[in-house]
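Beneath this line is the structure, given in structure tokens, with notes to follow.
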Amino acid sequence: MRVDIFSLFPEMFAGPFSSSILKRAVDQGIVNFKIHNIRDYTHDKHHTADDSAYGGGAGMVMKPGPVFEAVETVQAQALDMKDKKVSVILLTPQGRKLTQQMAEDLAKSDWLMLICGHYEGVDERIRQHLATDEISIGDYVLTGGELAAMVIADAVIRLLPGVLGSGESLINESHTGGLLEYPQYTRPEVFRGWAVPEILTSGNHGEIAKWRRRQSIIRTAERRPDMLKVVELNNKEQEIVADLSTQKSNEEDV
Ligand code: ADE
């Protein structure tokens with residue numbers, strides 16, 4: 001996958017892409033990152049990338065010219081990417097809120113272009129005529145789209161084949177399959193007097209799988225009941241959820 005990031009602060013990207021799993025993905029040639037400074041596509045002495053808003057008001061707005069030129073220059077130079085599936089994503093708190101499903105869909109792209117907006121706003125024509133999608137990483141406002149671009153790149157790249165060591169690690173994790181992950185334990189079996197649930201040391205894999213599924217459901221019901229509205233549960237599993245909510249309302253009545 002090719003990932004091009006367009007930013008006014010390219011130096012912010014040095015850390016995340018040069019360590020850990022993302023670095024391995026780069027070293028193995030699974031992903032090819034390019035970070036572009038939008039200011040390199042300005043043509044005045046001061047490299048002006050933003051300007052005051054038409055109609056007045058406080059704050060600066062990112063100019064369309066340098067952003068269009070940056071993205072279009074990179075597209076024109078990428079001769080090998082013609083006919084490839086490209087997503088041009090504007091990072092903005094006004095976008096669709098990022099989910100695991102969206103990360104999975106984006107992982108099917110050949111090419112991601114991520115445009116980091118400025119927190120005070122970008123010229124509307126960038127949204128209308130350049131971006132194919134707008135994504136937010138949550139209902140809060142960051143100083144710019146840079147951290148959001150890193151979050152998306154991380155969430156997507158770890159899904160690409162060959163990036164994670166073991167295929168297993170993608171299968172049982174939170175949000176894959178619509179539930180939160182079950183509780184995990186490692187050695188020692190007893191830590192400060194707190195023991196690992198007995199079932200996990202029983203060696204009975206069938207029972208362990210059942211326990212884990214049940215714990216995932218309980219955990220999701222307690223922490224993220226909104227997720228249970230879309231996940232498919234069998235009758236027995238629905239009973240677990242119903243029992244939990246009866247238990248909860250009884251507790252509230254006391
Ligand atoms: N830029 C500023 N805040 C953002 C957010 N929450 N998501 C994506 N981009 C942003």
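Order of listing sets the numbers, starting from 1, for every ligand and every atom in it.
Side chain to side chain, Glu69 and His43 meet the donor-acceptor criterion of an N or O pair below 3.5 Å. For the residue pair Glu239 and Asn235, no side-chain donor N or O sits within less than 3.5 Å of a side-chain acceptor on the partner.
Legend: residues meeting side chain to side chain donor-acceptor pair (under 3.5 Å) with Asp80, ordered by chain and number and at least two apart, are absent. With sequence neighbours left out, the side chain to side chain donor-acceptor pair (under 3.5 Å) criterion links Ser7 to Glu146.
A salt bridge links Arg213 with Glu237: at least one charged nitrogen is closer than 4.0 Å to a carboxylate oxygen.
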All N/O donor-acceptor pairs, side-chain side in residues 130-140, below 3.5 Å, sequence neighbours left out:
from   : atom 1 : to     : atom 2 : distance (Å)
Thr132 : OG1    : Val88  : N      : 2.9
Thr132 : OG1    : Val88  : O      : 3.1
Asp133 : OD1    : Arg96  : NE     : 3.3
Asp133 : OD2    : Arg96  : NH2    : 2.6
Glu134 : OE1    : Arg127 : NH1    : 2.5
Ser136 : OG     : Gly138 : N      : 3.1
Ser136 : OG     : Gly138 : O      : 3.0
Asp139 : OD2    : Lys97  : NZ     : 3.3
Tyr140 : OH     : Ile137 : O      : 3.1

What does the contact table look like for ligand 1 (nitrogen or oxygen on each side, cut-off under 3.5 Å)?
from     : atom 1 : to     : atom 2 : distance (Å)
ligand 1 : 3 (N)  : Leu142 : N      : 2.9
ligand 1 : 6 (N)  : Gly138 : O      : 3.2
ligand 1 : 6 (N)  : Tyr140 : O      : 2.8
ligand 1 : 7 (N)  : Ile137 : N      : 3.0
ligand 1 : 9 (N)  : Thr92  : N      : 3.2

